[in-house]
S.K.: 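I have a structure here, written as structure tokens, and I will follow up with some questions on it.
Each ligand, and each atom within it, is numbered from 1 in the order the structure gives. All of these numbers come straight from a predicted model, not from anything done at the bench. Both backbone and side-chain heavy atoms feed into the values below; hydrogens, waters and symmetry mates do not.
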Amino acid sequence: MDETNWRDLLKPPADGSSPCWGPDSGLRARALFPVRVNAYFAALIQSADDPLGRQVIPSAAELDDPATADDPLTEERQSPVPRVIHRYPGRVVLLVSDQCAVHCRFCMRKRRVIQTHRDGKPQLDRALAYIRQRTDIQEVILSGGDPLMRADADLAALLSELRAMPHLRRLRIHTRMPGVLPQRVTPALVALLAGYHPLYVNIHFNHPAELTPAVATACNRLADAGIPLGSQTVLLKGVNDDPVVLTDLMERLLDLRVRPYCLHMLDRVPGTRHFQVPVERALSLLAALRGPLSGMGVPHMMVDLPGGGGKMALTPDAVIAKGPEQWWIRNWQGGIYTYP
Ligand code: SF4
């Protein structure tokens with residue numbers, strides 16, 4: 001794709017129609033999942049095939065995918081009321097926004113993000129009522145879309161309602177905003193969030209090129225306010241399936257006081273096959289991070305089991321044999337050691 005072509009894909013369809021079915025396969029992919037890239041992130045992209053471009057610019061490969069389930073994790077079935085996913089005891093996901101600062105081509109919630117501009121107030125009220133009445137819930141994860149697409153006043157109202165529920169011990173926000181539109185992390189937003197400790201923020205980062213000075217400022221603001229920061233990364237072929245890239249990303253996140261938390265296997269929604277990294281390769285990448293990276297920097301490799309089985313950590317086989325007196329364990333360099 002030449003320079004003009006991929007920049008054209010970031011513009012609204014010329015005839016104002018949406019979706020847009022054109023002869024170009026990139027346009028057809030755009031029709032399946034609309035393009036959204038803000039000016040800040042677009043300026044970081046050098047080409048459609050660079051690690052940032054691949055994440056947000058539609059590709060013909062999206063059309064060549066037999067996957068059909070738009071909700072492979074069966075989140076909708078595990079939703080007792082709209083906007084709540086209740087899969088595990090003690091914690092729920094609360095979907096507070098259907099919008100994002102960019103549309104990631106690999107997003108596993110495309111089905112929701114595509115229905116932007118829903119007000120959602122009656123649904124949110126019902127969701128809050130559910131959480132209020134379920135006193136066994138201890139932790140709420142605000143997700144979406146991106147929760148930080150909500151205006152400050154909306155967020156303050158939401159967080160206040162949640163904080164007023166005495167059974168909730170912790171709040172967590174999952175967001176891509178500090179990495180894709182760091183200007184959203186204003187001093188006012190940070191002061192607002194800091195009023196609701198203990199509140200954790202997990203930030204979605206996929207590549208070291210995302211870690212600009214503006215992102216560093218956003219992370220520093222959050223960390224200086226005492227907000228524990230973690231990262232989530234989706235393992236993506238052609239973007240970050242490389243031990244050098246992943247090591248650099250995790251090292252630089254640690255420098256920004258963001259603790260690498262999860263490295264996610266791709267959730268297979270339609271249009272994502274070209275991003276998939278086989279499990280075997282993923283485990284070898286994880287093994288390659290051990291040793292070069294401090295233990296603090298090695299994320300959990302998580303797979304969200306299709307059909308609603310939940311998240312499970314994948315680990316390279318460290319224990320290679322078990323005896324009555326000792327176990328045989330492989331170290332990060334492949335050496336075999338015994339442990340009594
Ligand atoms: S920011 Fe998150 S929810 Fe939004 S499109 Fe990207 S992956 Fe999906």
S.K.: So which bit of V102 gets within less than 4.0 Å of ligand 1, heavy atoms only: side chain, backbone, both or neither?
M.R.: backbone

S.K.: In terms of residue, atom name and distance, what is the protein heavy atom nearest to atom 4 (Fe) of ligand 1?
M.R.: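 Minimum-distance protein heavy atom for atom 4 (Fe) of ligand 1 reads C100 SG, 2.3 Å.
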
S.K.: Please write down residue, atom name and distance for the protein heavy atom closest to atom 2 (Fe) of ligand 1.
M.R.: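 Protein heavy atom at minimum distance: H204 ND1, 4.4 Å.
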
S.K.: One thing to verify: whether R77 and D71 come together as a salt bridge, which I'm taking to mean a side-chain N less than 4.0 angstrom from a carboxylate O.
M.R.: no

S.K.: Calculate, to the nearest 0.5 Å, the distance between atoms CG and NE2 belonging to D304 and H264 respectively.
M.R.: 7.5 Å

S.K.: So does C104 have any N/O/S atom less than 2.8 Å away from atom 6 (Fe) of ligand 1?
M.R.: yes

S.K.: Considering heavy atoms of the protein only, find what lies nearest to atom 8 (Fe) of ligand 1 and give residue, atom and distance to 0.1 Å.
M.R.: C107 SG, 2.3 Å

S.K.: Salt bridge between D64 and R273, side-chain N to carboxylate O under 4.0 Å?
M.R.: yes

S.K.: Remaining members of Y337's ILVMFWY cluster at a side-chain heavy-atom cut-off under 4.5 Å?
M.R.: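 Y337 shares its hydrophobic cluster with no other residue.
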
S.K.: Can you tell me how the ring of H204 sits relative to the ring of F106, calling it parallel under 30°, perpendicular over 60° and tilted otherwise?
M.R.: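 Answer is tilted, since the angle falls between 30° and 60°.
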
